[in-house]
Amino acid sequence: MLDKNFNFNEAEGQIYEGWEASGAFKPSHAPGAESYSIVIPPPNVTGSLHMGHALNNTLQDILIRFERMRGKSVLWQPGMDHAGIATQMVVERQMMERQEPKRTEIGREAFVEKVWAWKEESGGTIINQLKRLGASCDWSRERFTMDEGLSEAVVKVFVQLYKDGLIYRDKRLVNWDPKFETAISDLEVENTEVDGHFWHFKYPLENGETYEFPIKHDEDGNPTKWETRDYISIATTRPETMLGDGAVAVHPSDKRYAPIVGKRCLLPLADRYIPIITDDYPDPDFGSGAVKITGAHDFNDYHVAKRHDITMYDLMDSKARLVDADYVPEKYRGMDRFDARKAIVEDIDARGLLIKVEDKKIMQPFGDRSGVVIEPIRTDQWYVDAKTLAQPAIEAVEKGETKFVPENWAKTYFQWIRNIEPWCVSRQLWWGHRIPAWYGPDGHFFVAETEEEATKLAIAKYTSEGYTLEDINDMRRHEHGGSPLLVQDEDVLDTWFSSALWPFSTLGWPDKTPELDTFYPTSTLVTAHDIIFFWVARMMMQGIHFMKEVPFDTVYIHALVLDEHGQKMSKSKGNIIDPLILIDKYGADALRFTLAAQAAQGRNIRLSDSRVEGYRNFGTKLWNAARFCEMNECKTDPAFDPATVSSTLNQWIVHEANQCATAVTRELEAFRFNDAAGAIYKFTWNVFCDWYLELAKPVLQGEDGPEKTETRAAAAYALDQILKLLHPFKPFITEALWKDLAARDKALITSEWPQFDEALKSEVAATEMQWVIDLISGIRSVRQEMNVPAGAKIPMTLLGAAPDKSKLETHEQVIARLARLSDISTADAPPAGAVEIVHGDAVVALPIADVIDIDAEKARLQKERDKATNEIAGIDKKLANKNFVDKAPPKVVEEQKTRRADYEAQLEKLGQALARLERL
RNA sequence: GGGCGCAUAGCUCAGGGGUAGAGCGCUACCUUGACAUGGUAGAGGUCCGUGGUUCGAAACCACGUGCGCCCACCA
C-alpha cells in the first residue's frame with residue numbers, strides 16, 4: 001500500500017541509482033533504432049548548479065527521455081569545461097586564503113598540479129547536482145576539456161588551422177585585463193556606462209604660432225566672432241594616455257583648424273612635438289573637433305595611427321602601470337594608470353593648460369570575470385581568422401542545415417557572425433591548453449603537435465637558411481647550462497577554443513570512432529541566447545571546418561531564468577534562487593515541471609516559489625490518484641486491449657488518453673515544452689482525477705462483474721499512459737509509481753512512449769461523457785447558487801427527448817452520486833416549483849420549491865436570458881452583414897448559425913421556465 | 001548609432017483572424033472512504049494607444065507610448 005505522500009527526499013536518490021546501475025542512460029544501440037544525441041553545454045568545473053543550469057538541463061533531459069522512450073538510441077554526452085580564467089581564479093583565491101605562497105612563487109608546474117589536485121578533489125560538484133535534478137546523461141562517457149583525448153583534439157585543430165592559414169600570430173591592439181594580466185577576446189569585454197569626466201586640454205602650437213578660431217556663429221553657421229589662439233584644444237576621457245599621443249587629428253572639412261593643419265603642437269608634460277593631421281575619424285561637432293591620437297591605447301586611434309604611420313608609444317605594462325621608457329617622464333614611471341591620471345591632470349592644470357572638466361557618461365570596458373577596466377595594449381597574440389571560418393557557418397544556417405528554434409535567434413546569430421572580427425585565442429594564463437608553438441633563434445617559430453615535430457621543422461628551417469647541424473647544435477647549447485633550441489609558447493588557449501570542438505571532440509575525434517559515426521551531427525543543442533556568440537557560433541565554425549558537417553540539426557534557445565521581479569539573478573544582487581534548495585523543499589520533479597511549464601518560447605522565466613509548490617501539489621494529486629487505483633485493485637493487465645473496451649466511460653478515457661499522447665508528442669517535437677506540460681497536466685488532473693475516477697467510483701465500488709473488471713483495467717491503463725507521458729517531466733514520482741503499482745519487465749525510463757492510435761478514438765463516447773459532465777456541473781452550479789446545503793440530496797427530473805433520456809439512464813448512478821441527487825426521473829412536463837436548467841436539448845428540473853428563493857431564481861434565469869439575448873444580437877449583426885455571409889468561409893457562417901439556434905432554443909426554454917415561476 | 005523583444009485577470013504568464021485562458025492569489029461552501037499539498041462553485045479582463053488591412057482584429061501591418069535586452073570605436 002502506498003504512503004499518503006510521495007517521499008521524494010528519500011526516493012529520488014535510490015531511483016536515480018537504479019537507473020544508472022541498469023545502464024538505462026547508455027545508448028540502446030538497438031538494431032534499426034534511429035539515433036538521437038545531445039551534447040551538454042559543459043558546466044565550469046568550478047561551478048555549482050544555478051537556475052540557468054536547472055532549466056537548461058531539465059529541457060535536455062525531457063528531450064532525452066522522450067526520445068529514449070520513443071525507441072531511439074539516445075546519447076546525452078556529459079562533461080565539464082576547464083574554464084581557464086575562472087578556475088585559475090578559484091584556486092588562486094584558495095591559496096591566498098590558506099596563506100600559501102603565490103602562484104608566481106611556486107611556478108607554473110607546481111601551480112598547474114595544484115589546479116588538477118583541486119579538480120580531483122572538489123571539482124565537479126555540479127555533476128552530482130545534475131544527478132539530483134534527474135539528468136539522464138551517459139556518465140560513463142563523461143569528458144573534461146582538459147583530459148587527454150580532448151587536449152589532443154585541441155592541438156590537432158590548432159596545428160591544422162595554422163597550416164590552413166587560419167591561425168596566425170600578430171602584434172596589434174588587444175583587450176588587456178590588468179588584473180589577470182592576460183589578453184581577452186572582444187566577447188569577454190563588457191561595455192558599461194559609468195560616470196566619467198571629459199577633460200579639455202590646451203596643446204600649445206609650436207613656436208608660439210597663432211590662428212583665429214571662430215567662437216560665435218550666426219543662424220546659418222557662419223562665424224561672426226573669432227579669438228586668437230596659440231593652442232589647439234583637445235578633449236579626452238583618459239588623460240593618462242596623453243603621454244602616448246602621436247598626433248592630433250581634425251576632420252579635413254573642419255575649416256576652424258585649416259590654418260594649423262600640418263603644423264605641430266607641443267605635447268605637454270611629455271615635451272614632444274606632434275603633428276596636426278587630418279583624418280575622417282574626428283567628428284567636427286563633437287568636443288573641440290580635435291582628437292589626440294594615442295595609437296597604442298585606443299582602438300580608434302590605432303587605426304588612425306596605422307593609416308598615417310604615426311608613432312605608437314606603449315605606455316603600460318601588464319598591470320597597467322606606466323612603463324619605464326624614455327618617452328614617459330620619470331615622475332610617472334611605475335605609476336598605476338589611475339594615479340597617473342590624477343597626477344597628469346594636476347600637472348596640466350599647474351601649467352595653465354587645463355581648460356575645463358566636464359562630467360560625462362562614458363562607456364567603459366570591463367573584464368567580464370575580473371571586473372576591472374580593460375586596457376587596450378599592443379601585444380603579440382594568436383588570432384583565428386574567424387571571418388573565413390564564419391562563411392560556411394553563415395551559409396549552413398541560411399540553408400537551414402542548422403535551424404534555430406525559435407527561429408528569430410538566427411537573426412542574432414547572423415548579426416554577429418556576419419560582422420565577426422579576428423578572434424584572439426591566446427591567454428597569458430597557466431591553466432589551459434598550452435599553445436603548440438615553439439620559438440627558436442632568429443625570431444622563428446614552429447607550430448607542431450609535439451616538440452619533436454617542431455624540432456624537425458626547426459632543423460629543416462635553419463638548414464635551409466644555411467646553418468649546419470653543428471651550428472644548430474651550438475645554438476642548442478647557446479647558453480651556459482644548455483638552453484634548449486626551442487622554447488614552447490608560454491600561453492594557453494581561450495577556454496572557448498576547446499569548447500568549440502565539444503560536439504566532436506567528446507565523441508572521440510580525431511579518431512574515427514563509432515560514436516562519431518552514429519551521433520555526429522548531434523540532434524539538438526539546448527542553450528540560452530547569451531552564449532550564441534561565445535559557443536554556438538564557434539562550434540558551427542569548427543564543426544563545419546573539421547567534420548565537413550554542421551554540429552547540430554537544431555539549436556533550441558531557451559529563456560533566461562529571472563527572479564520573480566524580472567531581475568537577472570546575480571550574487572551581487574543577492575537574488576539568487578538556489579535550485580537545490582527548491583529540490584530539497586519540493587522535490588526535483590516539482591522544480592522540473594515548473595521550469596518546463598514556464599519554458600514558453602521567446603520569453604524569460606520568472607521563477608517563484610508558489611509556482612513550484614503548485615506543481616509539487618500536482619505530484620501529490622497524481623500520487624493519490626494512483627493510491628486510489630491501488631486500493632481499488634486497478635492493476636495493469638497485459639491482456640487488456642484498450643481498443644475493445646465496452647463501457648462508454650472506458651471508451652472515453654481511452655480516447656482522451658490517446659488525444660493527450662498525441663498532444664504531448666506533437667508539442668515536444670516542436671519544442672513547446674510549456675504546451676506539452678500543460679497537456680499532460682490537464683489530462684491528469686482535470687480529466688483523469690476530476691472526472692474519470694469520480695465517474696468510475698460507482699463501478700469500482702460496486703458489485704464484481706465484467707464491467708468492474710474492465711474498468712479496473714482501463715483505469716490502470718490510463719494511469720500507465722499518464723506515467724509514461726509525464727515521465728520526461730517528472731521522472732522520479734512516475735518511476736516510483738510505475739514500480740509500485742505493478743510488476744513490470746521494464747523500468748518506466750525504458751518503456752515505450754504512447755503512440756497515437758486511430759483505433760482508440762471514440763468521438764461518440766467523448767460527446768456522451770461531455771454531456772454527463774456538463775449536466776453534473778450544471779446541477780452543482782445551481783445548487784450552490786440556490787444555497788442548497790452541500791450534503792442535502794435533492795430529486796431531479798429530466799424533460800427531454802429519447803436520446804437524452806437514454807443517456808441519463810446509462811449514467812444515472814454517477815449523476816446521482818456526483819450531483820447529490822436523491823431521485824432521478826424523466827417527465828414530459830416540469831413539476832411545479834422547480835428550478836430549471838437548460839442543458840442542450842433538454843431541461844433539467846430540480847423541484848426544490850421549499851428551499852428556493854423565487855426572486856433569486858428569477859434573477860438567475862433572467863441573467864442567463866440576457867446573456868443568450870446578447871449573444872443572439874451579436875450573431876444577428878454578423879449574419880445581417882451581407883459581406884460576412886458572402887465572404888466568410890461557409891464553415892464559419894454555419895457555425896454562427898448553429899450557435900444562434902442553440903441560443904435560440906435555450907432562450908425559449910428559459911422563457912418557459914420564467915413563465916412557470918411567474919405562476920407560482 | 002544599429003538589431004531584437006515585450007505590453008492580455010490582483011500577481012506571474014500562455015494563447016492567437018470569428019466563443020478570453022492557466023498557475024498563484026481572492027470569495028463562499030465542504031474534514032463525502034485517493035488526495036485539505038484536497039473538493040465544489042464563484043468573482044475578476046476597454047487583450048497599452050492610434051490608424052490601416054479584413055466581412056470580421058485582442059490576434060496581422062504601420063506609427064506612437066512605456067519597459068527590457070544585445071551589439072557598436074564618438075575621443
Side-chain angles (χ1 to χ4, degrees), chain A residues 2 4-6 186-187 191 198 234-238 241 249 281-283 285-294 298-304 362-363 365 376 408-409 411-412 414-416 419 529-530 532-533 560 562 564-566 568 586 590 594 597-598 600-611 613-632 672 674-675 678 681-682 689-690 693-694 697 701 777 780-785 787-791 817-818 820 871 874-875 878 881-889 891-893 895-896 899:
Chain A
L2 291 172
K4 210 168 171 183
N5 286 308
F6 176 47
D186 298 349
L187 284 178
N191 292 302
F198 209 28
I234 63 96
T236 179
T237 57
R238 307 200 48 209
T241 65
Y281 162 59
D283 175 358
D285 297 327
F286 187 81
S288 68
V291 185
K292 67 197 253 321
I293 301 301
T294 320
D298 181 282
F299 286 99
N300 291 312
D301 295 4
Y302 179 79
H303 293 117
V304 178
I362 54 169
M363 288 298 269
N408 214 40
W409 289 110
K411 286 188 191 170
T412 303
F414 284 136
Q415 193 212 330
W416 183 74
N419 298 297
H529 69 79
D530 54 351
I532 291 178
F533 308 150
L560 297 177
L562 308 176
E564 53 189 327
H565 306 294
K568 213 167 172 171
Y586 301 111
T594 307
Q598 288 192 262
Q601 288 180 5
R603 277 285 204 152
N604 292 330
I605 294 179
R606 294 194 196 192
L607 196 73
S608 68
D609 242 55
S610 62
R611 196 95 191 218
E613 190 183 351
Y615 290 124
R616 185 273 320 263
N617 295 351
F618 173 47
T620 306
K621 185 72 182 176
L622 171 67
W623 185 264
N624 282 287
R627 205 162 147 253
F628 172 81
C629 289
E630 190 189 34
M631 289 165 88
N632 286 281
R672 304 174 67 97
N674 58 318
D675 290 323
Y681 181 92
K682 271 196 183 121
C689 292
D690 286 352
L693 291 184
E694 293 302 327
K697 275 179 185 174
Q701 292 163 3
S777 298
R780 281 170 169 176
S781 181
V782 167
R783 287 177 60 114
Q784 199 95 17
E785 232 171 309
N787 292 316
V788 177
R817 181 182 174 124
L818 298 183
R820 311 228 98 213
E871 291 289 343
I875 298 168
K878 272 187 188 173
N881 183 345
K882 191 169 178 303
N883 281 325
F884 172 71
V885 181
D886 290 350
K887 295 189 184 173
K891 196 182 142 206
V892 172
V893 179
E895 237 167 56
Q896 295 299 326
R899 279 186 70 216

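Numbered from 1 within each chain, the chains take letters A, B, ... in sequence-line order. All values derive from a computational prediction rather than experimental measurement.
- Residue contacts for A:Arg616: at a heavy-atom cut-off of 4.0 Å it reaches a base atom on one of the strands shown.
- Every residue meeting the salt bridge (Lys or Arg N to Asp or Glu O under 4.0 Å) condition with A:Asp886, not counting sequence neighbours, appears here in chain and number order: A:Lys882.
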Please list, pair by pair, any protein nitrogen or oxygen found under 3.5 Å from a nitrogen or oxygen in nucleotides 2-4 of chain B.
{"unit_1": "B:rG2", "atom_1": "N2", "unit_2": "A:Gln415", "atom_2": "NE2", "d": "3.3"}
{"unit_1": "B:rC4", "atom_1": "O3'", "unit_2": "A:Asn408", "atom_2": "ND2", "d": "2.7"}

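- Partners of A:Phe198 by side-chain contact (heavy atoms from CB on, under 4.5 Å), not counting sequence neighbours, listed by chain and number: A:His200, A:Ala235, A:Thr237, A:Phe286, A:Glu358, A:Lys360.
- With sequence neighbours excluded, the residues that form a side-chain hydrogen bond (donor to acceptor under 3.5 Å, both in side chains) with A:Gln896 are A:Arg899.
- At a threshold of 4.0 angstrom between heavy atoms, the contacts of A:Phe286 include nucleobase atoms, whether or not backbone atoms are also involved.
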Where along nucleotides 18-31 of chain B does protein come under 4.0 Å, by heavy atom, of base (B) or sugar-phosphate alone (S), with - for untouched nucleotides? BB---SS---B---
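- The salt bridge (Lys or Arg N to Asp or Glu O under 4.0 Å) test applied to A:Asp298 returns no partner, not counting sequence neighbours.
- Remark: A:Arg780 engages A:Trp691, A:Ile776, A:Leu818 in a side-chain contact (heavy atoms from CB on, under 4.5 Å) (not counting sequence neighbours).
- Using a 4.5 Å cut-off on side-chain heavy atoms (C-beta onward), A:Thr236 and A:Lys292 make contact.
- By the salt bridge (Lys or Arg N to Asp or Glu O under 4.0 Å) test, A:Arg238 is found to be paired with A:Glu240, A:Glu375, residues two or more places apart in sequence or in another chain being considered.
- Residues that satisfy the side-chain contact (heavy atoms from CB on, under 4.5 Å) test with A:Val893, not counting sequence neighbours, are A:Leu879, A:Phe884, A:Ala888, A:Lys897.
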Bracket string, RNA chain B, 5' to 3' - pairs by Watson-Crick or G-U geometry under 3.5 Å, | interstrand: (((((((..((((....[..)))).(((((.......))))).....(((((..]....))))))))))))....
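- Residue A:Lys697 is in base contact, counting any heavy-atom pair closer than 4.0 Å across all strands shown.
- A:Lys891 meets the side-chain hydrogen bond (donor to acceptor under 3.5 Å, both in side chains) test with no other residue; sequence neighbours excluded.
- Using a 4.0 Å heavy-atom criterion, one finds that A:Gly289 contacts the bases of the nucleic acid, with or without backbone contacts as well.
- Under the rule for a side-chain contact (heavy atoms from CB on, under 4.5 Å), the partners of A:Ala625 that lie at least two apart in sequence or sit in another chain are A:Phe688, A:Cys689, A:Leu693.
- Residue A:Gln701 is classed as a sugar-phosphate contact, given heavy-atom separations below 4.0 Å to backbone atoms only.
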